[in-house]
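What follows is a single structure, written as structure tokens, with notes after it.
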Amino acid sequence: VFKRFVEIGRVAFISFGPHAGKLVAIVDVIDQNRALVDGPCSGVRRQAMPFKCMQLTDFVLKFPHSARQKCVRLAWEKENINEKWAATRWAKKIEAREKKAKMTDFDRYKVMKAKKMRNRIIKHEMKKLQKMASKKGKKPVKAEKPVKAEKPAKAKKSEKVQKAQKAQK
Amino acid sequence: MAGEKAAGEKKPAEKAPAKKKPSEKKPAEQKAGQKEGGEKKKRVRKHHASRNPVLARGIGRYSRSAMYARKALYKRKYTAPETKIEKKKKEKPRATITKPVGGDKNGGSRVVKIRKMPRYYPTEDVPRKLLSHGKKPFSQHKRRLRASITPGTVLILLTGRHRGKRVVFLKQLDTGLLLVTGPLAINRVPLRRAHQKFVIATSTKVNISGVKIPKHLTDAYFKKKRLRKPKHQEGEIFDTEKEKYEITEQRKTDQKAVDSQVLAQIKKVPQLRGYLRSTFCLSNGVYPHKLVF
């Protein structure tokens with residue numbers, strides 16, 4: 001039922017408070033509600049932090065309890081947590097949310113145009129398939145085409161969205 | 001001249017030791033006197049010490065009138081040189097005129113005053129206005145412009161017949177209104193004035209630094225014209241007023257001149273033309289306070 005546990009070395013994401021959005025490693029447990037926490041590579045000083053504001057990630061580091069910051073840092077860098085974190089879907093969703101909030105009016109227009117174009121392409125392919133299906137009844141050819149149609153559409157849309165985001169920056 | 005004299009005095013004083021000072025001074029003074037014989041009149045006299053001995057601080061021995069006599073101010077009356085205005089003013093305008101009068105036995109002419117006394121004095125004086133401070137007429141007000149609005153910014157108009165349209169800002173006019181253009185070819189907004197308060201400034205900017213805006217585009221150019229010739233006996237007062245607004249040729253030429261330059265810049269940015277063609281609107285889930293413009 002539970003897959004992520006509070007343990008020494010568990011990397012946690014701070015959801016609210018002064019250090020919101022940063023990653024920390026649990027160094028020791030103080031009592032039922034607090035842990036000694038340290039984030040040498042994410043700019044969080046060694047301090048007590050309530051569990052409530054922490055959200056556990058999938059990463060665990062290897063160091064003994066109450067290890068000093070230097071050890072935590074070594075373990076962190078050895079595991080390359082920062083890069084691994086940036087590659088997770090969780091981090092990507094956060095980044096996408098931030099970008100969306102920062103969109104200017106012009107960016108919103110560009111995204112709207114990109115979405116429209118993408119949907120047109122998809123619709124076009126769907127209509128084609130539907131036409132074929134209605135003409136010739138069920139055929140095995142159906143299974144191949146949707147995948148091909150999705151790919152160029154998705155590629156175009158992601159390109160446009162990336163363009164928009166880049167332009168905005 | 002006094003400086004010259006002092007220098008003349010100093011030189012012999014420096015050269016000769018203290019003993020010879022008095023003897024040296026005389027010839028030096030004589031020399032100086034001979035040199036500046038012609039210029040004695042112009043030479044500034046050394047100022048006399050105060051002729052009013054002090055009794056206590058702030059109190060002198062002699063009164064004002066005594067000092068007047070002691071300083072011989074009756075001899076020293078100076079006037080400022082006459083200015084050109086005063087010279088002109090001396091030519092007094094004619095106060096009276098002699099006019100011919102008809103009829104015999106009337107003595108041919110009368111002497112008539114040109115500026116006559118007023119024939120009516122109001123019973124109450126016009127009350128003097130209380131002194132006010134810093135109340136300026138509109139023409140002297142300070143015009144402000146939001147920092148987010150710079151030449152070339154894309155603005156969203158919020159009021160007027162062009163509400164929701166995205167428009168390029170050109171410059172601020174003297175009354176503080178913003179001069180704005182569609183451009184006309186893109187969204188049918190001509191060269192027009194917009195009010196700063198009823199406009200959202202986006203962060204999108206067009207590079208307008210090279211665009212020259214004609215100087216005759218001022219507030220007077222854009223002001224609404226109203227014909228007023230009320231002939232009181234005309235039955236239909238409402239029809240004769242300017243109903244239909246006609247676009248003058250000058251407006252068209254000005255529009256073309258400005259727009260051609262602006263359009264050239266707009267075409268350089270991809271998708272900007274389509275952006276200006278679109279209108280701004282809110283829909284479900286879109287909250288203006290959360291939008292970044």
Side-chain angles (χ1 to χ4, degrees), chain A residues 13-22 53 55 86 89-125 150-169, chain B residues 146-158 162-169 180 182-183 186-187 189 194 198-208 262-263 265-293:
Chain A
F13 172 81
I14 304 175
S15 51
F16 61 85
H19 297 287
K22 297 183 188 163
C53 69
Q55 293 176 351
R89 283 184 175 256
W90 188 348
K92 286 184 191 163
K93 272 192 267 173
I94 294 170
E95 207 201 322
R97 218 181 298 142
E98 281 175 19
K99 279 194 178 161
K100 195 175 182 188
K102 272 197 237 163
M103 264 204 292
T104 72
D105 199 42
F106 191 21
D107 293 332
R108 257 173 264 130
Y109 168 80
K110 288 190 230 173
V111 168
M112 180 262 284
K113 285 287 174 187
K115 269 190 183 174
K116 213 172 168 184
M117 208 190 251
R118 176 184 185 238
N119 290 334
R120 275 229 177 99
I121 295 168
I122 294 173
K123 236 186 237 175
H124 183 64
E125 292 297 322
E150 287 291 323
K151 270 191 182 172
K154 272 188 185 168
K156 276 191 186 168
K157 198 245 171 173
S158 62
E159 268 176 33
K160 287 253 167 178
V161 171
Q162 274 172 24
K163 236 192 191 177
Q165 289 167 355
K166 276 185 191 171
Q168 151 208 322
K169 286 208 168 165
Chain B
R146 295 207 293 253
S148 52
I149 301 179
T150 62
T153 314
V154 173
L155 306 173
I156 301 175
L157 300 176
L158 295 173
H162 298 288
R163 60 194 87 101
K165 291 199 181 168
R166 298 185 173 102
V167 126
V168 177
F169 167 68
V180 129
I186 294 181
N187 51 19
V189 177
F198 303 109
V199 135
I200 296 181
T202 64
S203 49
T204 321
K205 314 246 181 222
V206 183
N207 187 5
I208 270 197
V262 176
L263 271 171
Q265 296 298 322
I266 289 175
K267 286 194 177 165
K268 291 185 183 171
V269 183
Q271 295 190 304
L272 188 59
R273 193 167 169 273
Y275 175 58
L276 290 174
R277 287 190 71 198
S278 64
T279 49
F280 174 77
C281 61
L282 296 171
S283 58
N284 269 351
V286 178
Y287 305 109
H289 70 289
K290 286 208 159 175
L291 289 180
V292 170
F293 283 101

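Per chain, numbering begins at 1; letters A, B, ... match sequence-line order.
The neighbour count for B:Arg146 CZ, taken as heavy atoms of other residues, nucleotides or ligands under 6.0 Å away, is above 12.
Between A:Tyr109 and B:Gln271 the shortest heavy-atom distance is CE2-O, 3.6 Å. Here the closest non-hydrogen pair linking A:Lys102 and B:Val292 is O-CG1, 4.0 Å.
Taken to the nearest 0.5 Å, the OH atom of B:Tyr275 stands 10.5 Å off from the CE atom of A:Met112. For the atom pair OG1 (B:Thr202) and CG (A:Asp107), the distance works out to 10.5 Å, reported to the nearest 0.5 Å.
Between chain A and the options B:Ile156, B:Val154, B:Leu272, the largest number of non-hydrogen pairs under 4.5 Å is found for B:Leu272.
Neither the backbone nor the side chain of B:Ile200 comes within contact range of chain A; no heavy atom of the residue lies under 4.5 Å from a heavy atom of that chain. No part of B:Val286 comes within reach of chain A, as not one of its non-hydrogen atoms sits under 4.5 angstrom from that chain.
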(message) Set out, in order, the CA-CA distance, both residues' side-chain angles and the distance that settles side chain to side chain contact (heavy atoms under 4.5 Å, CB included) for B:Val269 and A:Phe106, then state yes or no.
(response) CA-CA 11 Å; B:Val269 183; A:Phe106 191 21; 4.2 Å; yes
